[in-house]
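Below: one structure, written as structure tokens.
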Amino acid sequence: MAGEGAGVGGDGRQRLLAARDAYTRTVSPHYDEVLHHVAHRARREGSLGKADIGALLPWKRLRADTRWAGALLAVAEAEVRRATAAAVAAVRDASLGRGAAARAGRAALAGLPGFASGDAPASAVLTAAAPDRMAVYDRRAHAGLRALGIPLPHSRGRYGRYLDAIDRLLVGAPGPVRAWTPRETDTALSCLPSLSPAPPSA
């Protein structure tokens, strides 16, 4: 359904391509090295620990001097590993579509401090758990979808709907956009609002 982000037309495609080009021109090619290192460990160990989550905080440009970060450090490593192992298994489950996998992975993290609400930290962990399937969520990427006329309600289950929207966007997009990974798509979405204004509200 077009109203739910079934895809973008030629204008939307050009804006996405321009946004992705802006990202690659302005962001260091080494920026995702932390993500790649954490993803490698997650692939080898089947879970992420507190040190892995801590490494993702500056990569995602999240503050570490917060109450939830301190509370997470007070949780036993084994408990963190149990939650993230369940999340890793969920987002890598090939029998699930990306949106369903995202919802299951997000739910697995919900009991950890900092992951009960808000999708930005969880999306960093889930993207490290399955970098070819998941995407980073933040307010900029949300605004990018809005700039394409794709709504994304803030209600519970947003991260799964975000992956559903990216899936529909990629399936419906012509040309090179269709071959992008979700991670490449989220980088384009994050730059899009600075290049083109959102369409007027109905």
Side-chain angles (χ1 to χ4, degrees), residues 4-5 23 27 31-32 34-35 38-39 42 47-77 79-92 96-131 133-148 150-167 169 182-183 185-194 198:
E4 295 179 348
Y23 179 87
V27 177
Y31 189 84
D32 273 1
V34 168
L35 173 66
V38 174
S47 64
L48 288 82
K50 289 186 282 188
D52 298 311
I53 296 172
L56 291 171
L57 291 181
W59 171 77
K60 186 61 188 71
R61 288 177 280 180
L62 296 169
R63 290 178 54 185
D65 60 338
T66 58
R67 195 175 307 171
W68 75 262
L72 182 66
L73 290 174
V75 176
E77 177 77 0
E79 185 176 339
V80 173
R81 291 274 180 184
R82 278 193 295 272
T84 60
V88 167
V91 294
R92 293 183 187 168
L96 297 175
R98 272 196 286 245
R103 281 184 280 277
R106 181 70 187 85
L109 296 176
L112 294 177
F115 296 93
S117 62
D119 293 318
S123 76
V125 170
L126 297 176
T127 301
R133 298 196 80 201
M134 297 292 108
V136 173
Y137 170 86
D138 57 27
R139 57 183 176 77
R140 294 179 301 275
H142 195 134
L145 284 177
R146 188 167 60 246
L148 294 173
I150 300 173
L152 182 64
H154 285 287
S155 54
R156 189 176 181 86
R158 178 179 57 191
Y159 186 63
R161 291 193 299 275
Y162 174 61
L163 265 294
D164 285 336
I166 286 178
D167 251 356
L169 190 156
R183 171 65 183 145
T185 309
D186 80 55
T187 60
L189 288 171
S190 70
C191 285
L192 189 59
S194 64

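With sequence neighbours excluded, the residues satisfying side chain to side chain donor-acceptor pair (under 3.5 Å) with D52 are R41. With sequence neighbours excluded, no residue forms a side chain to side chain donor-acceptor pair (under 3.5 Å) with S117. Shown here are the salt bridge (charged side-chain N to carboxylate O under 4.0 Å, His left out) partners of E77, two or more places apart in sequence or in another chain: R81. Every residue two or more places apart in sequence or in another chain that forms a side-chain contact (heavy atoms from CB on, under 4.5 Å) with A100 is listed here: L96, R103. F115 pairs by the ring pair (Phe, Tyr, Trp, His ring centres under 6.0 Å) definition with W68, not counting sequence neighbours. For R82, there are no side chain to side chain donor-acceptor pair (under 3.5 Å) partners two or more places apart in sequence or in a different chain. Looking at residues two or more places apart in sequence or on another chain, you find a salt bridge (charged side-chain N to carboxylate O under 4.0 Å, His left out) between R98 and D167. Applying the side-chain contact (heavy atoms from CB on, under 4.5 Å) rule to V88 yields the partners L48, R92, A129; only residues at least two apart in sequence or on another chain are considered. Legend: residues meeting ring pair (Phe, Tyr, Trp, His ring centres under 6.0 Å) with Y159, ordered by chain and number and at least two apart, are absent. Judged as a side-chain contact (heavy atoms from CB on, under 4.5 Å), and not counting sequence neighbours, the contacts of V34 are V38, A55, W59. Legend: residues meeting side chain to side chain donor-acceptor pair (under 3.5 Å) with T187, ordered by chain and number and at least two apart, are R20.
Note that CD1 of I150 and CG of L169 are 4.5 Å apart. Values are rounded to the nearest 0.5 Å. The NZ atom of K50 sits 6.0 Å away from atom CG of L73, with the distance rounded to the nearest 0.5 Å. Going from atom NE2 of H154 over to atom CZ of R139 covers 11.5 Å, rounded to the nearest 0.5 Å. Here the OG1-CG distance, from T84 to L112, works out to 7.5 Å after rounding to the nearest 0.5 Å.
Ion pairing of D164 with R161 is absent here, as no side-chain N (NZ or NE/NH1/NH2) approaches a carboxylate O to less than 4.0 Å.
The salt bridge (Lys or Arg N to Asp or Glu O under 4.0 Å) analysis of residues 104-117, with sequence neighbours excluded, yields the pairs R106-D119.
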